[in-house]
Number of protein chains: 2
Amino acid sequence: MISKRLSELRKRKKWSLQYTADQLGIAKSTYAGYESGYRQPSLEAIKEIASLFETSVDYLLGMVDNSSFELEHKDKMKSLELTEKDLLAKVRLTIDGKSLSQDELNQFIAFIRVKREVEAKR
Amino acid sequence: MISKRLSELRKRKKWSLQYTADQLGIAKSTYAGYESGYRQPSLEAIKEIASLFETSVDYLLGMVDNSSFELEHKDKMKSLELTEKDLLAKVRLTIDGKSLSQDELNQFIAFIRVKREVEAKR
DNA sequence: TCGGTTGGTCGCGTATCGCGTACAATTGAT
DNA sequence: ATCAATTGTACGCGATACGCGACCAACCGA
């Protein structure tokens, strides 16, 4: 699993084994061993490999199918509509570490709606 | 890093070393070595550990700070601290499709804090 | 008090990791 | 076409360190 994903990622970047090994600071034969399945990288090595290829260790190990580290870890929460039904069942909103109740959220929504109404008329 | 996170996860589940090792099908001393930092798990082992603890390999290795596999890989049970600095730079909060301003968010936070203060005295 | 459990370390045997080396296949320049 | 350089692949060797059983001190419940 890991060998397949490694060679796929490397070829996608059009890197040679030597160049890749140099980037990682290891011998070419060592990295080649990873791709051929002849060797397995150490924990330290696989972390650096994941960084170099901008992916996650979980992807290299076949724990997930998503290769994009960015997509996986960052871009998840891009926009949250607060009026969405049952939002609090999906997302826990906190203030000072304490969960927001649906009541409090409703009050806030009402408050903002009124405020915007007023401002629109000026 | 990995040892700290392992013992934290195990203690949270109130499992003993022996029980945990049994679940993983390895010797107690082996797993104990992981937590004490005396040994490092193999790639195969760390995958099984991540599965057992329902977390990600990346978390165990300290690649990410997010311990929740669900949060990391799917899109469930996120937690958002509204007082977090520069929150709106990372997450767009909307009401009726319109973005919330930092001012509006601040007003809301202040409102909730006062409300809680009052309720605490009753 | 004492049997049982817990977290932790150590020594041993051996699996395997990383490197250098070697070699066929491929590429590129003349 | 020829030859040198590069690339992908495989192997042997030495050293690392992994996994296990054995062991130990501390702690607990009966």
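Just so it is clear: chains get the letters A, B, ... in the order the sequence lines come, proteins before strands, and each one is counted from 1. Computed from a predicted structure; not experimentally measured.
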Legend entry - Gap between atoms CD1 and P, on A:Ile2 and C:dT16 respectively (whole Å): 15 Å
Legend entry - N or O in side chain of B:Arg39 less than 4.0 angstrom from D:dC20 OP1/OP2: no
Legend entry - B:Arg5 to B:Tyr59, cation-pi by 6.0 Å centre distance and 45° axis angle: yes
Inset, instruction - For A:Glu81 and A:Thr83, test the side chains for any donor-to-acceptor distance below 3.5 angstrom and give the result as yes or no. - result: yes
Legend entry - Sole candidate of A:Val57, A:Leu60, A:Leu43 that passes side chain to side chain contact (heavy atoms under 4.5 Å, CB included) when paired with B:Leu43: A:Leu43
Legend entry - B:Asp22 CG - D:dC20 C1' separation (whole Å): 14 Å
Legend entry - Side-chain N,O (B:Tyr34) to OP1/OP2 (D:dG19) below 4.0 Å: yes
Legend entry - Distance test, side-chain N/O of A:Ser29 to OP1/OP2 of D:dA10, below 4.0 Å: no
Legend entry - Separation of atom OH in A:Tyr38 from atom P in C:dA15, rounded to whole Å: 14 Å
Inset, instruction - Give the nucleotide from the list D:dG8, D:dT7, C:dG8 with an atom nearest to the side chain of A:Gln18. - result: D:dT7
Legend entry - Donor + acceptor pair across side chains of A:Arg10, A:Thr20 (<3.5 Å): no
Inset, instruction - Tell me what B:Ser42 touches on the nucleic acid: a base, only sugar-phosphate, or nothing, going by heavy atoms under 4.0 Å. - result: sugar-phosphate
Legend entry - B:Ala32 or B:Tyr19, whichever maps to the more 5' nucleotide of DNA chain C: B:Tyr19
Inset, instruction - Can you tell me the distance, in whole Å, between the CZ atom of B:Arg10 and the C1' atom of C:dG8? - result: 11 Å
Legend entry - Distance below 4.0 Å between B:Ser16 side-chain N/O and C:dT6 OP1 or OP2: yes
Inset, instruction - Step through the shown structure and confirm whether more than 12 heavy atoms of other residues, nucleotides or ligands are within 6.0 Å of NZ on A:Lys13. - result: yes
Legend entry - Minimum-distance nucleotide to A:Gln40 side chain [options: C:dG7, D:dC20, C:dC17]: C:dC17
Legend entry - Rounded interatomic separation in angstrom, taking CG from A:Leu17 and C1' from D:dT9: 9 Å
Legend entry - Length of the CD1-C1' vector between A:Ile49 and C:dG18, whole Å: 13 Å
Inset, instruction - Check the distance between C:dG8's P and B:Leu6's CG and give it to me in whole angstrom. - result: 12 Å
Inset, instruction - Could you tell me the separation between the CG atom of B:Leu43 and the P atom of C:dA15, rounded to a whole number of Å? - result: 18 Å
Inset, instruction - Would you mind classifying the nucleic acid contact of A:Glu35 as base, sugar-phosphate or nothing, using non-hydrogen atoms under 4.0 angstrom? - result: nothing
Inset, instruction - Assess whether one donor atom and one acceptor atom, taken from the side chain of A:Lys28 and the base of D:dT6, lie less than 3.5 Å apart. - result: no
